[in-house]
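From a predicted model like this one, the values you see are computed outputs, not experimental measurements. Every number for a ligand or one of its atoms is a count from 1 in the order of the listing. Residue indices begin at 1 and follow the sequence shown.
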Amino acid sequence: MPVPTLETERLLLRHHTPEDVRAVQTLASDRRVAATTGSIPHPYPEDGAARWWERTEHSIEAGLAYVFAMVRKADNTYLGAIGLHPELEHLHAELGYWIGVPYWGQGYTTEAAARVLQFGFEQTDWHRIYARHFAHNPASGRVMQKIGLRYEGTLRGHVLKWGEFADLVYYGLLRSDWEQGRK
Ligand SMILES: CC(C)(COP(=O)(O)OP(=O)(O)OC[C@H]1O[C@@H](n2cnc3c(N)ncnc32)[C@H](O)[C@@H]1OP(=O)(O)O)[C@@H](O)C(=O)NCCC(=O)NCCS
């Protein structure tokens, strides 16, 4: 089942089309995008986006992912991807995102992430939504702060990224925090 379409002031968040997947291939090939993510390889394989989408579509169909294309409404430009990845036995989900380098620093990810967080709490029964970023990626930490996630802690040297141990910074929100924030 395709993901729903969500709307913000400047963006449509919707199911990926084959054309979007071609844009993923171009944007995700940039080393600067791969450098601060845990899962985008670099060099990006020629069929990287197609294989990513094949895996992702299966996860969406299985109810194990809600992955949205971030599309600018003004000119229908594909900007990047954002998603929620639940672990259903724990009723929690991880929020993840990336956006193409030409679109950095314009508030788009914050705008999309705020809407996806709202979707997560309003349209599911999840107890908790969390996100994590490499300590060497403070821009992502800012996005998490700006959408109201709470700092939870840092796992020191938790993952090996391109030959170096990297700290992972965790942010999260419980449903009770979300409801409190709405009052
Ligand atoms: C991290 C990323 C998603 C941010 O997207 P974006 O659309 O540029 O984010 P926004 O414009 O909504 O917000 C970025 C914020 O970070 C701030 N920022 C940017 N670079 C920064 C830095 N080096 N140090 C501190 N803050 C920084 C910006 O000033 C802005 O905050 P402000 O509104 O308070 O000024 C984008 O850079 C990206 O896709 N990077 C590669 C993939 C990635 O890292 N994904 C996240 C994995 S956890």
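Taking every non-hydrogen atom of Gly107 and a distance limit under 4.0 Å, the qualifying atoms of ligand 1 come out as 10 (P), 11 (O), 12 (O). Near His133, meaning under 4.0 Å from one of its heavy atoms, ligand 1 places the atoms 48 (S). For ligand 1 and Gly105, the ligand atoms under 4.0 Å from any heavy atom of the residue are 6 (P), 8 (O), 11 (O). Heavy-atom contacts of Thr37 reach the following atoms of ligand 1: 42 (C), 43 (C), 45 (N) (cutoff under 4.0 Å). Shown in contact with Pro138 at under 4.0 Å from a heavy atom are these atoms of ligand 1, numbered in order with element: 22 (C), 23 (N), 24 (N), 25 (C). Listed by atom number, the atoms of ligand 1 under 4.0 Å from Val33 heavy atoms are 41 (C), 42 (C). Within the listing of ligand 1, atoms 11 (O) sit less than 4.0 angstrom from a heavy atom of Gln106. Of all atoms in ligand 1, numbered sequentially from 1 with element shown, those under 4.0 Å from a heavy atom of Thr110 are 10 (P), 12 (O), 13 (O).
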Test log, rule side chain to side chain contact (heavy atoms under 4.5 Å, CB included), inputs Glu122 and Trp178: CA-CA 10 Å; Glu122 291 187 354; Trp178 170 261; 4.2 Å; yes
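In this structure a side-chain-to-backbone donor-acceptor pair under 3.5 Å is present from Thr37 to Ala34. Counting only distance, with no hydrogens or angles, the side chain of Tyr44 and the backbone of Ala49 share a donor-acceptor pair below 3.5 Å. A donor-acceptor pair is defined here as one N or O able to donate and one able to accept, closer than 3.5 Å; no such pair exists between the side chain of Tyr108 and the backbone of Thr110. Without hydrogens or angle criteria, Lys161 side chain to Thr36 main chain gives no donor-acceptor distance under 3.5 Å.
Nearest to atom 7 (O) of ligand 1 among the protein's heavy atoms is Thr109 OG1, 2.7 Å. Annotation: atom 38 (C) of ligand 1 to nearest protein heavy atom, Trp104 NE1, 3.6 Å. Protein heavy atom in closest approach to atom 41 (C) of ligand 1: Thr36 OG1, 3.3 Å. Summary of contacts: the protein heavy atom closest to atom 35 (O) of ligand 1 is Lys146 NZ, 4.9 Å. Among all non-hydrogen protein atoms, the one lying nearest atom 39 (O) of ligand 1 is Ile99 N, 2.8 Å. In this structure, atom 9 (O) of ligand 1 lies nearest to the protein heavy atom Val143 CG2, 3.7 Å. Of the protein's non-hydrogen atoms, the one nearest atom 19 (C) of ligand 1 is Ala139 CB, 3.5 Å.
In this structure, atom 31 (O) of ligand 1 is in close contact with the protein, since a protein heavy atom lies within 4.0 Å of it. For atom 28 (C) of ligand 1, the nearest protein heavy atom is 4.0 Å or more away. Protein heavy atoms are found less than 4.0 angstrom from atom 11 (O) of ligand 1.
A continuous path of ILVMFWY side-chain contacts below 4.5 Å connects Val3 to Leu79, so both sit in one hydrophobic cluster.
Between Ser140 and ligand 1, a contact under 3.5 Å exists for no N or O pair. Considering backbone and side-chain N/O of Met144, none are found under 3.5 Å from N/O of ligand 1. Of the N or O atoms in Tyr103, none lie within a sub-3.5 Å distance of an N or O in ligand 1. For ligand 1, the polar-atom distance check finds an N/O of Tyr97 within less than 3.5 Å of one of the ligand's N/O atoms. Annotation: Arg142 places an N or O atom under 3.5 Å from an N or O atom of ligand 1; distance criterion only. At under 3.5 Å, not a single nitrogen or oxygen of Trp98, backbone or side chain, sits near a nitrogen or oxygen of ligand 1.
Enclosure of atom CD in Glu179 by more than 12 non-hydrogen atoms of other residues, nucleotides or ligands within 6.0 angstrom is indicated. Atom CZ of Arg182 sits in a crowded spot, with more than 12 heavy atoms from other residues, nucleotides or ligands closer than 6.0 Å. Around the NE2 atom of His58, the shell of radius 6.0 Å holds no more than 12 heavy atoms that belong to other residues, nucleotides or ligands.
Between Trp126 and Tyr66, the ring centre distance stays below 6.0 Å.
The shortest side-chain heavy-atom distance between Val159 and Phe134 falls under the 4.5 Å cut-off.
Note on ligand 1: Arg132 sits in its first shell, one or more heavy atoms being nearer than 4.0 Å.
Between the side chains of Tyr97 and Ser140, at least one donor N or O sits under 3.5 Å from an acceptor N or O.
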